[in-house]
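Here is the naming used below: chain letters follow the sequence lines, and residue numbers restart at 1 for every chain.
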Amino acid sequence: MRWSKLFIPTLREIPAEAEVVSHQLLLRAGYVRQLAAGVYNYLLLAQRSLKKIEQIVREEMNAIGGQEFFLAALNPAEVWQESGRWELMGENLFRLKDRFGRDLALAMTHEEIMTSIARGELRSYKQLPQIWYQIQTKFRDEPRPKSGILRTRQFLMKDAYTFDLDAEGLDTAYKLHYGAYCKIFDRCGLKYTVVEAHSGAMGGSQSNEFMVASEAGEDLVVRCTNCDYAANLEKAVSKASAPGAADPEGDLTPEEFHTPGQKTIADLAKFTQLPESSQMKSLVMVADGAPVLVMLRGDHQLSETKLNETLGVTELRAAHAQEIVEWFGASAGSLGPLGLKKKMRVLADLALQGRRNLIAGANRDDYHFRHVTPGEDFEPEYFDLRQVAAGDTCPKCGAALEMFKAIEVGHIFKLGYKYSESMGLRVLGEDGREITPIMGSYGIGIDRILACAVELYHDKDGMALPPQIAPFQAVITPVNYAESLQREAADLLYAECAQAGIDAVLDDRDERPGVKFKDADLIGIPYRITIGKKLSQGKVEFLERRTRTSEEVLLAGAIPHLKKKLWMPLL
RNA sequence: CGGGGCGUAGCGCAGCCUGGUAGCGCACCUGCCUUGGGCGCAGGGGGUCGCAGGUUCAAAUCCUGCCGCCCCGACCA
């Protein structure tokens, strides 16, 4: 393509609304333009790049036997009502009415639709397994779209769904996807970590996320510095650091003492001269309307995700100040597990198991107990409820854990029977009995891959995308295209690229060289062949964007050289 | 939904406090010039100052309401 004919609206300055790097560069480099909060138009460059990503995804999905569909984005409410998600998804689901007043939704994911196809058509065990996927636009009415194209209300996703006869089949499907995803992200040139994940509102058991480390990420990932343990913070477990002080020995009796104005764990630690790890934190949560007391080591944080999963409830929140006074006769800051006025479940984090003679609130304002021993002075139900904290060690090998922010680019789930059951998908088995197929669900954020690549590979001059997903593989830049010798050489190289199947752009603009160089750097074309002064010696400059290494090559050798580079992946 | 910020030319901003002719840089158009890192000179086009109401002789500027966008939090298959 000839640059002079292309619409590549690069900006010299950073639009004020862009905060994260990928957003800034995608705007500046003329890839995207924003239409509304969380809604973007993808222009030529973004579209070319996304098509390449899609193609990689498509090839790897087809390689594991995936069959590509193109599904309805406009869904009747009934399908979502059947699975129960019409209510469950709440405000996140875009809803609309047609002219007759019928309820419709814009699909945010396609479990229901895929299942509705399957139940109408799959009749025999002989037809299983199936892997169906789609690459399409999805809609989600995000409460807060942000970070450019990282969290939007309209986005591109590949999602796949599998139908199997039994758990073993699902396991096979899961592993196939796991492998395919690794190949996909490798081919896209991303550096990523596979983590254990929480399966969320999707339901299901096993789940892994594919995460790309980035400051722009919204998730926190915990990873062992020694072994292969890695998990989303929501799910991560660890060995707690040792308490800051040894517990007093002996079978001591709880003893109330006056703690005027000591509200927080930090206050108490100071007041009692004992570290936060010798205090017990009492949190009051309301789970589907019922109060639950959660006990944690003073320096630990509650993981609401874990608590939610443990309790298996739909609504979980912290208790209001008023409720606390009503139930405990004291306010937050003096609460504890002893002498509860109201009957409620008392849970404790595993880190409290075996501890002795700790400090806890007395359920009387400005009073606490010392010498409280869980399991003796009160009987909690123990669960893993705390969030992994800095200083904790690996649950597998005991080595140090690291924690970093990451962007989720892929997520695979074992769904189980949630949709096949609720929507009545059955096939006949070998023995003539009905079988409910078991499902899996596997997503990849196509536009997130692009954003991640930008986050991962950029410098002060712009993007440095991997050649596999860059909008063009190379740019041919004659310093002065009006000069006939340069023009001939440029046209020749461009023709050679076309012949070799290389996706090149010819910068034939009547611009000063500086402008062309800046633009090529900004939009991140991996290789640049510059035709200038040295042409008189039959030489051109070959530049690698990522490393900024430049070499002189013969005009005739330029394209073979480029070809060689393209077969050799960066990194 | 709570907290904060912003809205003036395509982009980045000044002007608002203290009301009176709407400005600067970049981009854009024309001509000349220049051609290895966003050249130079000259001329030029482009604005319902987010919207609506109010105060005033007069509102970008003061007041009220609304809308939009961004950030933090809540939320997040």
* G12(B) C1' sits how many Å from Ile14(A) CD1, rounded? -> 10 Å
* Between C16(B) and C6(B), how far is it from one P atom to the other, in whole Å? -> 15 Å
* Asked: Over how many whole Å does the gap from Gln24(A) atom CD to G12(B) atom P extend?
  -> 12 Å
* Please measure how far the C1' atom in U64(B) lies from the corresponding atom in U21(B), and state the result in whole Å. => 29 Å
* Asked: For C1(B), which nucleotide in any strand shown is its Watson-Crick or wobble partner with both distances under 3.5 Å?
  -> G73(B)
* Using a cut-off of 4.0 Å on non-hydrogen atoms, how would the nucleic acid contact of Thr477(A) be classed: base, sugar-phosphate, or nothing? -> nothing
* Interatomic distance, Met285(A) CE vs A74(B) P [rounded to whole Å] -> 13 Å
* Structure fact -> Answer for the Watson-Crick or wobble partner of G7(B), both distances under 3.5 Å, is C67(B)
* Asked: Starting at the 5' end of RNA chain B and moving along, which residue's nearest nucleotide shows up first, Arg448(A) or Ala18(A)?
  -> Ala18(A)
* Asked: P atom, A74(B) versus G3(B): distance in rounded Å?
  -> 16 Å
* Could you tell me which residues satisfy side-chain hydrogen bond (donor to acceptor under 3.5 Å, both in side chains) with Gln67(A), sequence neighbours excluded, listed by chain and number? => Gln130(A)
* Sticking with atom P, work out how far G65(B) lies from A9(B), rounded to a whole angstrom. => 26 Å
* Taking atom C1' of A74(B) as reference, at what distance in whole Å does atom CD of Glu218(A) sit? -> 13 Å
* Arg487(A) CZ to U35(B) P: how many Å, rounded? -> 17 Å
* To do: Using the C1' atoms only, state how far G15(B) lies from A22(B), rounded to an integer number of Å.
  => 8 Å
* To do: Classify every nucleotide of nucleotides 37-43 of chain B by which part a protein heavy atom approaches to under 4.0 Å, writing B for the base, S for the sugar-phosphate alone and - for neither, in 5'-to-3' order.
  => BBB----
Distances under 3.5 Å between nitrogen or oxygen atoms of protein and nucleotides 71-73 of chain B:
from   : atom 1 : to        : atom 2 : distance (Å)
C71(B) : OP1    : Ser147(A) : N      : 3.4
C72(B) : OP2    : Arg144(A) : NH1    : 3.3
C72(B) : OP2    : Arg144(A) : NH2    : 2.8

* To do: Have a look at Ala16(A) and say if it touches a base, only the backbone sugar-phosphate, or nothing, with a 4.0 Å heavy-atom cut-off.
  => sugar-phosphate
Name every donor-acceptor pair, under 3.5 Å, that has one atom in a side chain of residues 29-43 of chain A and the other anywhere in the protein, sequence neighbours excluded.
from     : atom 1 : to        : atom 2 : distance (Å)
Tyr31(A) : OH     : Ile523(A) : O      : 2.7
Arg33(A) : NH1    : Leu27(A)  : O      : 2.8
Arg33(A) : NH2    : Pro9(A)   : O      : 2.7
Gln34(A) : NE2    : Ala36(A)  : O      : 3.0
Tyr40(A) : OH     : His23(A)  : NE2    : 3.0
Tyr42(A) : OH     : Asp447(A) : OD2    : 2.8

* Asked: Does Gln322(A) have any side-chain contact (heavy atoms from CB on, under 4.5 Å) partners at least two apart in sequence or in another chain, and if so, which?
  -> none
* Crowded around Lys183(A) NZ? As in, over 12 foreign heavy atoms under 6.0 Å? -> no
* Can the ring centres of Phe185(A) and Phe210(A) be said to be less than 6.0 Å apart? -> yes
* Asked: For G46(B), what is the paired nucleotide under Watson-Crick or G-U wobble rules, both distances under 3.5 Å?
  -> none
* Complementary nucleotide for G23(B) - Watson-Crick or wobble, under 3.5 Å -> C13(B)
* Do the two ring centres, one from Phe69(A) and one from Trp132(A), sit under 6.0 Å apart? -> yes
* Paired nucleotide for C32(B) [Watson-Crick or G-U wobble; both distances under 3.5 Å] -> G40(B)
* Taking CD from Glu511(A) and P from G36(B), how many angstroms apart are they, rounded to a whole number? -> 14 Å
* **Residues forming a salt bridge (charged side-chain N to carboxylate O under 4.0 Å, His left out) with Glu60(A), sequence neighbours excluded** => Arg187(A)
* Structure fact -> Applying salt bridge (charged side-chain N to carboxylate O under 4.0 Å, His left out) to Glu209(A) and not counting sequence neighbours gives none
* **Euclidean distance, atom NE2 of residue His320(A) to atom C1' of A74(B) [Å, nearest integer]** => 13 Å
* Mind checking the C1' distance from C49(B) to C62(B)? Whole angstroms is fine. -> 16 Å
* Could I get the full list of side-chain contact (heavy atoms from CB on, under 4.5 Å) partners for Gln387(A), not counting sequence neighbours? => Leu233(A), Gln301(A), Ser303(A)
* Atom P, compared across G53(B) and C26(B): separation rounded to whole Å -> 38 Å
* Give the rounded distance in Å between these two atoms: OH of Tyr40(A) and P of C69(B). => 10 Å
* Structure fact -> The answer to which of Gly38(A) and Gly445(A) contacts RNA chain B further toward the 5' end, by nearest nucleotide, is Gly38(A)
* Asked: Is the Lys NZ or Arg CZ of Lys138(A) less than 6.0 Å from the centre of Phe155(A)'s six-membered ring, within 45° of the axis?
  -> no
* **Counterpart residues, side-chain contact (heavy atoms from CB on, under 4.5 Å), relative to Asp459(A) (two or more places apart)** => Asp461(A), Arg545(A)
* Asked: Contact class for Ala482(A) vs. all strands (heavy atom < 4.0 Å): base, sugar-phosphate, or nothing?
  -> nothing
* Ignoring backbone atoms, establish whether Gln34(A) has a side-chain N or O less than 4.0 Å from OP1 or OP2 of C70(B). => yes
* Asked: Quantified in whole Å, what is the C1' atom distance between nucleotide G68(B) and nucleotide C57(B)?
  -> 34 Å
